[in-house]
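To start, the structure itself, in structure tokens.
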Amino acid sequence: MRRLPQLAIFMIALLPAMTSMPKSVSGQQGYLFEDAAASSRLNFYHTSWANGDYYLPEIMGSGGALFDYDNDGDLDIYLLQNRRLSDKKNAMTTRRQQGSTPPGNRLFRNEQVPTGKLSFTDVTEASRAGRDDFAMGVATGDYDNDGDIDLYLTSFGSNSLMRNNGDGTFTDVTSGAGVDDPRWSTSSAFLDFDRDGDLDLYVCNYVDFTVQGNKQCLAPTGEPDYCAPAAYRPVPDRLFRNDGGGRFLDVSASAGIAAVAGPALGVSCADFDGDGWVDIYVANDGAANHLWINRHDGTFEESGLVSGAAYAADGMARAGMGVAVADIDRDADFDILVTNLTRQGSTFYRNNGRGLFDDATIDLRLAQPTYMSTGFGVTWFDYDLDGWLDLFAANGAVTRLTALRGDPYPYHQRNQLFRQEFEGQGGRFREVSSEAGPALALSEVSRGVATGDIDNDGDPDLLVTNNNGPVRLLLNQTRRKGHWLQLELRGAQPIGAKVALHITRTDVRWYRIHTDGSYLSANDPRLLIGLAEKERVEGVGVVWPDGRREWWPSPAIDRLHILRSGTGQATF
């Protein structure tokens with residue numbers, strides 16, 4: 001996170017505060033997305049509690065999760081909140097509507113099933129899921145394999161593992177599980193790195209900031225501002241191995257993770273080199289990104305530099321924040337996109353199938369349109385169901401924007417939506433933010449993004465969290481949509497499974513089951529696939545995390561299928 005050069009500040013000053021309304025686009029009201037937070041009673045306002053001391057954690061959070069905590073078939077929402085770091089008050093830098101949101105993290109239950117109407121109820125107290133920490137991020141996964149999704153919460157301070165009791169309540173089991181970390185943790189991810197059938201846990205740690213050790217930094221204008229992470233020492237990440245019985249063991253040192261420190265913000269776990277074992281990619285803020293390659297023996301090798309995924313094409317480190325991983329070019333391997341600081345642009349790392357990458361950001365036409373934005377949360381999703389993954393990025397600055405001088409919170413930017421438009425071998429992206437509607441015309445300090453089918457209508461929606469602002473629930477209103485197929489894996493641990501969709505024998509598309517990625521947030525684990533005009537598919541193959549393969553032939557389209565381990569054909 002470096003301060004904006006004067007040229008960037010001047011260019012931002014030329015941007016209007018709001019985009020003009022689109023003239024002709026798809027959607028219920030001519031828009032691609034509609035913010036339904038207010039109409040669905042998702043009432044949440046994040047407060048930074050900034051007081052003029054410019055404590056770095058104030059500007060970095062917070063995230064949110066989409067997950068079905070009560071197993072009723074619709075997505076519930078967990079949102080994270082900050083709290084005061086000191087008793088000093090400064091109303092000028094806080095836009096919180098007093099009394100609008102209770103303190104601490106909040107859990108909202110989706111009432112669509114069985115009512116048929118998208119509506120949320122705050123069940124924080126009844127569920128005992130709330131925490132009043134300086135919260136940062138959330139990871140979701142069934143760590144004890146009891147069929148209920150659990151929560152891991154990261155904070156500036158101690159973290160929390162919240163066990164889902166299966167009766168609508170949660171229990172804090174952090175101490176007994178052995179997964180706390182008192183340092184400043186950011187994103188985290190559940191994964192099965194040893195292929196033993198239960199979920200392990202990776203925790204990103206940022207820098208050794210303390211309130212007592214807060215440093216004073218200045219903007220180019222000479223005004224006080226937030227420091228870059230380089231002002232503080234980075235700290236190593238943590239890897240916890242699940243040993244069963246509700247207990248984890250810290251294997252950071254023995255696995256090699258503790259050997260290298262970086263100011264980590266984003267993480268995503270996938271089999272990048274195609275050997276059947278999950279690897280770990282970490283976006284570091286202002287330092288080389290890390291790619292931890294799984295050696296199959298409980299250890300990892302840091303291969304960011306040799307793989308080409310540590311730096312951008314110019315050999316320079318970027319201010320890595322969010323991470324999105326998918327096979328966006330349909331070549332059967334997983335590519336990586338990392339969001340960065342203004343005047344850096346996002347970086348797209350194209351995988352050659354063997355875990356080696358090249359910077360293809362310019363080829364995909366993403367370099368120029370992301371150049372003037374500071375990106376955080378990011379996700380690949382097929383919003384128009386045409387079979388090609390599109391891109392959404394949540395933006396918001398971390399240092400003062402001169403163009404917003406005088407604004408009580410001068411860090412807001414507009415979010416961006418990019419549509420993938422196939423041209424020959426590989427896709428190209430075109431920004432369609434101006435077509436998306438008023439929700440994307442807003443200028444806010446956005447941070448987390450989670451993707452999922454929130455209203456169960458067969459298309460992907462977005463949960464967007466804001467720093468010092470209201471949550472946004474962006475429902476997909478696109479009219480020109482194709483057929484679709486939604487898959488939910490059960491009966492064995494699904495996180496980390498790979499899915500092969502066989503449109504025909506020669507047209508095979510690969511996906512991954514995950515909740516990780518983006519920034520400080522957790523996604524719907526169900527897989528939603530766009531089929532465009534295809535009216536049938538040959539079958540679906542699943543490679544489970546332990547290497548087993550199963551095949552389900554000719555699933556009906558335009559519906560959800562629950563694929564249970566052991567019920568498919570033996571191989572594909």
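For reference, positions follow the sequence shown, starting with 1.
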Scan for salt bridge (Lys or Arg N to Asp or Glu O under 4.0 Å) pairs involving [range], sequence neighbours excluded, and state none if there are none.
range: residues 253-277; result: D271-K498
range: residues 64-83; result: none
range: residues 244-256; result: R238-D250
range: residues 102-113; result: R106-D122, R106-E125, R109-E111

Locate the shortest heavy-atom distance separating [X] from [Y]; write the atom from each residue and the value.
X: S518; Y: G377; value: OG-CA, 3.4 Å
X: G320; Y: V338; value: CA-CG1, 3.7 Å
X: P229; Y: V207; value: O-CG1, 3.9 Å

With sequence neighbours left out, the residues meeting side chain to side chain contact (heavy atoms under 4.5 Å, CB included) with S185 are T154, N159, D181, V203, N205
Decide whether [X] and [Y] meet the rule of one side-chain donor and one side-chain acceptor closer than 3.5 Å.
X: D148; Y: N71; answer: yes
X: N43; Y: R41; answer: no
X: N466; Y: S446; answer: yes

Mind checking salt bridge (charged side-chain N to carboxylate O under 4.0 Å, His left out) for [X] and listing every partner two or more places apart, or none if nothing turns up?
X: D516; answer: R512
X: D132; answer: none
X: D459; answer: K481
X: D327; answer: none

- Query: Which residues pass the ring-ring contact (aromatic ring centres under 6.0 Å, His included) test with W184, sequence neighbours left out?
  - Reply: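 Per chain and number, W184 pairs via ring-ring contact (aromatic ring centres under 6.0 Å, His included) with F156, Y206.
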Partner residues of H290 under the ring-ring contact (aromatic ring centres under 6.0 Å, His included) criterion, sequence neighbours left out
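With sequence neighbours excluded, H290 shows a ring-ring contact (aromatic ring centres under 6.0 Å, His included) to W292, given in chain and number order.
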Y143 vs F248 aromatic rings, parallel, tilted or perpendicular, using cut-offs 30° and 60°?
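Y143 vs F248 ring planes: tilted.
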Parallel, tilted or perpendicular, judged at 30° and 60°: which one describes the rings of F209 and Y232?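 Judged by the thresholds at 30° and 60°, the geometry between F209 and Y232 is perpendicular.
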**Request:** Please determine if D297 and R295 form a salt bridge, counting it only when a charged side-chain N lies under 4.0 Å from a carboxylate O.
**Result:** no
Worksheet item: Is the shortest side-chain N to carboxylate O distance from R163 to D144 below 4.0 Å?
Response: yes
I need the full list of ring pair (Phe, Tyr, Trp, His ring centres under 6.0 Å) pairs touching residues 257-276, with sequence neighbours left out, sorted by first then second residue.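 Sorted pair list comes back empty.
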